[in-house]
Structure formats: C-alpha cells, structure tokens
2 protein chains.
Amino acid sequence: MTESRPRLRRRIEAEVGECCDADVEQRLAELDELADAAGDGGVDAFAALGNDTRHRLTRLLSAAEGDLCVCELDPLVDVSESAVSHALADLVDAGLASRRKEGNWRYYRSTDLAEDLLAVVDQEGDA
Amino acid sequence: MTESRPRLRRRIEAEVGECCDADVEQRLAELDELADAAGDGGVDAFAALGNDTRHRLTRLLSAAEGDLCVCELDPLVDVSESAVSHALADLVDAGLASRRKEGNWRYYRSTDLAEDLLAVVDQEGDA
DNA sequence: CGGTTATCTGAATAGTCACTCAAGCAGCGT
DNA sequence: ACGCTGCTTGAGTGACTATTCAGATAACCG
C-alpha cells in the first residue's frame, strides 16, 4: 500500500512539513474511532423528523397539552388517515412519540427526545 | 358542512359529554395555530442528519478538533469523492456545517446547530 | 501561459420512500 | 352473535433522492 491517499498526504505535508504513510493512516484511524465512539445513534430519529408529515405530527403532539388521538391529528395534516397511522408508527419506532391505548382510541404523546430536538432547532433558528 | 368530522366529534362527546360542530373546529384551529407558530423550521436540518453519509460526515466534523478538508473526510466514508462533496454542500445548506477556503483546500467545520442536535440524541440514547 | 491539484457541479440512473387503496383487527354496543 | 368504530397493516405505485460518472472551476506552480 505504498503511496496511498496522495492528496491527504500532501495536505499533511503542507501542514506539518513532512509526513509518512503511517502518519496519514494513524490520523485517519483516530478520527474514525472518535466518530464511531460517538455512535451513529439517532439517525432514524433525524430521518423521522426530516419528513414533512412526521415533522408536522410531532409539532402537533408537542404543541398539545395532553396527548392526542388519531382522529384529532388526521384533520390537521393533509394526507390520508392511513398515512397518518404509518407516520405515527414511524415516530414511535424512532422514539419520538409514545402510544397509549384506551378503549377504541389510541392516544399519542411526544417524548422528551422529540421535545428536545425541536427545542434545539427552534432556539437556533431565532438566533 | 353539517356533521363534519364525525369521529372527532364522537371523541369530544365521549370526553366532555356534549359537543357541537363549532367546538370541534375551534379545537382544531387552536392546535393548528399552535403548531404553525412553532414553525416547521429545521425540517431540512433533520433531513440532512437523517442520511447515513451526511450523518457520518457530521459526526466526523464534530469529533475533529479543528476543521477538516475533503481529502480527510473522503477516506472515512465509503462513497465517491463527488458524493462527499454533494453531501457537504447539503450540510452547509442545512446550516450544519460551514465552509472555509484556503488555497486549494476547503475546510469544513460543524456548526453549533449540528453539535447541539447530536448532543441531544447522544444524551437521550444513553438514558 | 499550460499543467496539475483539490474540489465542485450537472445529468443520469438506481434505489428508497411516502402515499393511497383495500383489507384486517380489536374493542364496544346491541 | 352481529355490526360498527377507530385505527392499523400490507401491497403496490409514483415521486423523490443519493450516488456515480463526466466535465467544469479555481488556485497554485513552473
């Protein structure tokens, strides 16, 4: 594997003055480890909130004082009731909402994770 | 529009005892307003972090002490360099990374928004 | 200037995803 | 039991999206 990653090598040379292949690979390995340690957790939470319908549902759940049932959410998003159900299931899977059964109704509520994530973008957006 | 939203009406009747159409629509309007006031801001930020490549790049930028150039990031994600460039552009557009030009290199750095969002899911994930 | 370097951009494609439709299921009332 | 209600689930399809390839750009160096 002689002379691998030429660009990166040149960049390190430009920065530090000199650089051998081992230096290159070591720097990469360090970063790789750091990023992996941080984990890739939460990708699905982000993906869930990155869709308009699910985002709006989460906003609604967050804005509501108590919890809401599907028949309350349905009129507020302009997709079919089936789509609402799908979206809510995704939110629960992503840890952004919780479900409670009561008779024939299912009540949804936003989780702390959802609240905190929304708070971050709201706060940062105003800045 | 007599007798609209029958399910919702029944639900409110079950809860409060009685309910007229106006009550139904008013409750919906309130929620709608609340959710809209909160805004739909940040959807693109969430969407950006919801993709594996972009998420990983953000993690790398966040894990790095200073800022990183493309030639450092490229070896750490297994997509083409072009895809890395696309992804980084998306991150900048979403406000999750900033770009700095220096000679022939472009250095990327994660923004506060990115840091805060990642912090939330990391913290919540450990709980 | 011409050549090389590091990165970007646009078009095309492959893959994923969100929606709708139709059917299904559990809980309640009769 | 039966039907009705509120919601869910699965299959299918159209729309979007992430990636790649090829060509472009801008900065540096001779």
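The sequence lines fix the lettering, A, B, ..., with proteins before strands; numbering per chain opens at 1. Remember, it's a predicted structure, so these values are computed and weren't measured experimentally.
Separating the CZ atom of Arg9(A) from the P atom of dT5(C) is a distance of 15 Å, rounded to the nearest angstrom. Taking atom CD on Glu13(A) and atom C1' on dA6(C), their separation rounds to 15 Å, with Å as the unit. In this entry the distance linking CZ of Arg56(B) with C1' of dT19(D) reads 18 Å, nearest Å. Nucleotide dC17(C) holds its P atom 17 Å from the CZ atom of Phe46(A), rounded to whole Å. Atom pair Asn51(B):CG and dA18(D):C1' shows a separation of 7 Å (rounding to whole Å applied). Arg5(B) places its CZ atom 17 Å from the P atom of dT5(D), with the value rounded to the nearest Å.
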**Request:** Let me see the working for Leu117(A) and Thr58(A) under side chain to side chain contact (heavy atoms under 4.5 Å, CB included), right down to the final yes or no.
**Result:** CA-CA 11 Å; Leu117(A) 285 174; Thr58(A) 309; over 6 Å; no
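Here Arg10(B) reaches the OP1 or OP2 of dG6(D): one of its side-chain N or O atoms lies under 4.0 Å away.
Taking 4.0 Å as the cut-off between side-chain N and carboxylate O, Arg100(B) and Glu102(B) count as a salt-bridged pair. Between Asp67(A) and Arg99(A) there is no salt bridge, since no side-chain nitrogen of the basic residue lies less than 4.0 Å from a carboxylate oxygen of the acidic one. Using a 4.0 Å cut-off between charged nitrogen and carboxylate oxygen, Arg56(A) and Asp36(B) count as a salt-bridge pair. Between Asp122(B) and Arg59(B), at least one side-chain N (NZ, or NE/NH1/NH2) sits under 4.0 Å from a carboxylate O, which counts as a salt bridge. Classification of Arg7(A) and Glu81(B) as a salt-bridged pair holds, one side-chain N sitting under 4.0 Å from a carboxylate O.
Within residues 99-109 of chain B, the residues approaching DNA chain C are Arg99(B), Asn104(B), Trp105(B), Arg106(B), Tyr108(B), by heavy-atom distance under 4.0 Å. Scanning residues 66-92 of chain B for heavy-atom distances under 4.0 Å to DNA chain C yields Cys69(B), Val70(B), Cys71(B), Glu81(B), Ser82(B), Ser85(B), His86(B).
Few gaps surround CD on Glu13(B); more than 12 heavy atoms of other groups in view lie less than 6.0 Å from it.
Considering only residues two or more places apart in sequence or on other chains, Phe46(B) meets the ring-ring contact (aromatic ring centres under 6.0 Å, His included) condition with His55(A).
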